[in-house]
Structure formats: C-alpha cells, structure tokens
Visitor: 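The structure is given below, and queries will be raised subsequently.
Below, chain A is the first sequence line, B the second, and so on; all start at residue 1.
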2 protein chains.
Amino acid sequence: MTETNDQDAALRIASGRKPFVEPLRLGERLREIRLANQWTLEDVSQRTGLARSTLSKIENDQISPTFTAVQKLISGLGIDLPQLLSPPRQQARTTGRRDLTRRGHGELHPTPTYEHELLSCELAQKRMIPFKTIVRARRFEEFSEWVRHDGEEFLMVLEGEILLYTEFYEPLQLETGDSIYFDSAMGHALVSTSDEDAVVLSVCTRGEAA
Amino acid sequence: MTETNDQDAALRIASGRKPFVEPLRLGERLREIRLANQWTLEDVSQRTGLARSTLSKIENDQISPTFTAVQKLISGLGIDLPQLLSPPRQQARTTGRRDLTRRGHGELHPTPTYEHELLSCELAQKRMIPFKTIVRARRFEEFSEWVRHDGEEFLMVLEGEILLYTEFYEPLQLETGDSIYFDSAMGHALVSTSDEDAVVLSVCTRGEAA
DNA sequence: GGCGCGAGTTCACTATAGGAAACAGGTTTT
DNA sequence: AAAACCTGTTTCCTATAGTGAACTCGCGCC
C-alpha cells in the first residue's frame, strides 16, 4: 500500500525533521465519529456526497482520501479538521476535573471600582476564568485608564443595570439579563446605573498559544 | 439516525457551520510558505519527497493533493495542519469586535430535555460559546446518553435548582447562584429539582488547534 | 550573439482514488 | 423459510493524482 520509500525517509531524517510521519489513523477516527452518531455509511454518503464504497475504503485505510474528499467530509459532517484529526490524543486526557463554587464562596478581590469574586479558583489549568463582579463605580471618571487584557470576554448582567464603556463604541446600556461578548484587548469599563450596585458575571479566555 | 446530543448540536450551530464550501486556497498558502522561506520547488521536493511537478500543480490548484501528500507536506516543512490551512493568519488581532444580546433575544434551540438560547451568535470566530438553558428534564432517565463534548464548561445556576449528574462523581445539588467548572468531555446531564424549570448559564470553550 | 544554468511549467505515463454495481452477511417481513 | 431489506465490503472501471523527463523562460557570462 502506501509505502514510504526509503529515500524519502533518508532525506527527511537528513534534513533534521522529525522522522515520524505520524500514523494519523484518519479512517479509524472517521468510523469513530460515524458510530458515535449512529450513522450508517449510507447516511454519511448522503451527507457528504461521497460514495458508500469510498467511505468504506477510507475507514479501512485502503485509500488515502483526496483533500477535496476530506473537505466534503468535514463540511458534510459539520466538524472541523482538528476535530477529525485530534481524537487519539484527546482520548488520552480523559480528564474529569470539576470545581464547585457555592454562591458567595468565591475568592474576593476588592478594588475601588469593582468587587470581584473569583469562581472555580481551585482548578489550576483552565481555559476560562469566570468571576462575579459587584460594580461599585458610578462614573466613568473613576477609572484611571481602560481595563484591557488579551483574549475575549463574555459578560451577563445578573442584577441591576450598567453602562458599558468601550474604546471603539459608544457607551452601551445593559439591563438585567442582557449579555455581551467582546474582544477584551479593546479597552472597557463598567459603571452601575441602577440604585443598587449592579452585579455581573464575566468569563474571560485565558492566554493562548498565539 | 439520532441527532447528536443537544449540546453538541448547539456547539456545532454556534460554530458558524454554514453551508460554506470554503474555497481553501491551499495551493496559494503553500506557495506563501515556500516563498517566505525562500525555498525553491526543488528544495521543497527534497524535504517532502513529493515531485517538483506535483508541488507545482498543487500550488496552481491544478490538482487536489492526497491526504498522504498533505502529510508529507506538513511533516516535511515542519508545520502543522492548521498552519497550512489558516492562510488569512489570525495575525489581524487587536480587534475590537463585540456582540450584544438583549435578554431573551438569543437564538433558540429547543430539545426534549433542554431549551437552549444561544447568546452572542453574531460573532463567528470566538473562543467561547455562551448560552442560557432552561432545564426541562426532571429525571436522569430522560437522557438517552451522556452529554459530552471536547473542552471545558463553566455553568452558573440563574434560577431554580438543579441536580448535576456527572460520569465520575456523585450527583451534585446546585442552588441558585452556585457555579461549577468542569471538563466537558466527562459525561454530564442536568435535571431541574425546583418547582419551576431551572435556568442556567453555560459557557463552553471552543475546539482548539490541537 | 551563443551558451549554460537554475527557476517553474507542461507532457506522457503509471499509480491510485472515487463511483456504480455486484456481493456477502444479518435482520426483518410475510 | 424464502423473500425483501440493510449494512458494509469487494469488484471492476474511469477519473485523476503523482512522477520523471522534456520543455520554457529568464539571467548571467565570456
């Protein structure tokens, strides 16, 4: 079948590249996805436009699909490429961590303008940072400068009303239950506009591999 | 064929899965990389083991490379697949996007057990998926199988009370205001235990580049 | 100018991927 | 229990990806 010829290997090694042509059990993975969704080959055929036979061969590693075929797969199955390729390692993680925070039992971090309550701070390695904030600030002038940090932020108003100032937009009035998603590298700041100090829930993404 | 479990479906929809048949200028991208490194076709041929002619045709979109060919490319050039596919390089950062969702104006995705309301679904490329859920389920048996998906999930109870079933732990009672963070690859399922259906806010991480 | 040389492209051929249909178990129908 | 059906595999055949050789163009050189 697909035999990597010796010369290729030699060249690759000589050029100081990793000698591995990672096995990349694509067929295996495809079958996994298919069965997980309880699809038959025919179902997948309908979705992707590839012949039943072709799919069978791909699953059994009898052929190496064309890139266009791979595209049909990912668009037809509604998955993305990393998802199609990554499963083996994802499986290795089998993590089952969890971190409970009872109401009012987060870690408090008061500042002049905000009163933060960090949630789920037991967990060390996580990709999101959730926290509840009581917005003490009442006027934009109370902020010495824009709040900004890498990544993205999601925010929902739990109680009261706020005014969201952002660097590139007009101030936005948010009522209880409203939510917003924004790039947090853009300067931002919150002030309460309700009688009581507003409470908001925020979730920020964590630093990434650029 | 059974539809995928609820949250997966929600995630897929949220991930901007349009019928778009991404043109995916792979050839263009390859040439870009090659020239950036000042490699000739011959150089790349040596590194990858693919014929000069083949590389030429790939760069000019005259053929659609086999998946094995793509593997030779990525291993030979020492790049990874996402890198090869994400030509418009996310380098265009410092963005200032935002996406407001007024209370009750999210995108509804009802299922037998959950009633999802996707928030901030205007934004296409984002790293978190926030949604509000009314938990209709009352008994664990209403779920045909565990809900699970890659990544991590943060969840806060906004109204009512729920019981959180997870694959590796005892069921956990959560009251209004309680929150939890967990690996969502671990099977999980929610049921309401209050008189009224409970409402929870969830934020999931998105698939990442391996 | 002719000549050599190294870049990319094109040609002609072989290897292989993709598709239609036939085949081989199973399961359900009658 | 045969018939009708599904599902996945296998068999051809055609379309196309991959290859080495031939070709083309540009550039420097004496």
Visitor: Specify the separation, in whole Å, of atom CG of Leu73(B) and atom P of dG18(D).
Guide: 9 Å
Visitor: Looking only at side-chain N and O atoms, does Gln62(A) come under 4.0 Å of OP1 or OP2 in dT10(D)?
Guide: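 Answer is yes, contact under 4.0 Å.
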Visitor: Which pairs, protein N/O on one side and nucleotides 21-26 of chain C N/O on the other, fall under 3.5 Å?
Guide:
none

Visitor: Just call it for Ser56(A): base, sugar-phosphate, or nothing, with non-hydrogen atoms closer than 4.0 Å on any strand.
Guide: base
Visitor: Who passes side-chain hydrogen bond (donor to acceptor under 3.5 Å, both in side chains) against Arg31(B), sequence neighbours left out?
Guide: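 So Arg31(B) forms a side-chain hydrogen bond (donor to acceptor under 3.5 Å, both in side chains) with Glu59(B), Asn60(B).
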Visitor: Whole angstroms only, please: what is the CZ-C1' distance between Arg34(A) and dT7(D)?
Guide: 9 Å
Visitor: Considering the terminal five base pairs at each end of the helix from dG1(C)-dC30(D) to dT30(C)-dA1(D), what angle separates the two local helix axes, rounded to 10°?
Guide: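 Answer rounded to 10°: the end axes differ by 10°.
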Visitor: Looking at every strand, decide which applies to Thr54(A) at a 4.0 Å heavy-atom threshold: base, sugar-phosphate, or nothing.
Guide: base
Visitor: Could you go over nucleotides 12-14 of chain C and give all protein N or O partners under 3.5 Å, atom names and distances?
Guide:
none

Visitor: Whole angstrom is fine here: how far is it from NZ in Lys72(B) over to C1' in dT16(C)?
Guide: 12 Å
Visitor: Only counting residues at least two apart or in another chain, list the ones meeting ring-ring contact (aromatic ring centres under 6.0 Å, His included) with Phe182(B).
Guide: His188(B)
Visitor: Nearest whole Å is fine: how far is dT9(D) P from Glu42(A) CD?
Guide: 14 Å
Visitor: Please report, rounded to the nearest Å, how far the C1' atom of dA17(C) is from the CD atom of Gln71(B).
Guide: 15 Å
Visitor: Once you apply a heavy-atom cut-off of 4.0 Å, does Leu55(A) come out as touching a base, just sugar-phosphate, or nothing?
Guide: nothing
Visitor: Between Phe143(B) and Tyr114(B) (judged by ring centroids, cut-off 6.0 Å), do the two rings come close enough to count as a pair?
Guide: yes
Visitor: Report the residues that fulfil side-chain hydrogen bond (donor to acceptor under 3.5 Å, both in side chains) with Thr193(B), sequence neighbours left out, ordered by chain and then residue number.
Guide: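 Thr193(B) satisfies side-chain hydrogen bond (donor to acceptor under 3.5 Å, both in side chains) with Gln173(B) only.
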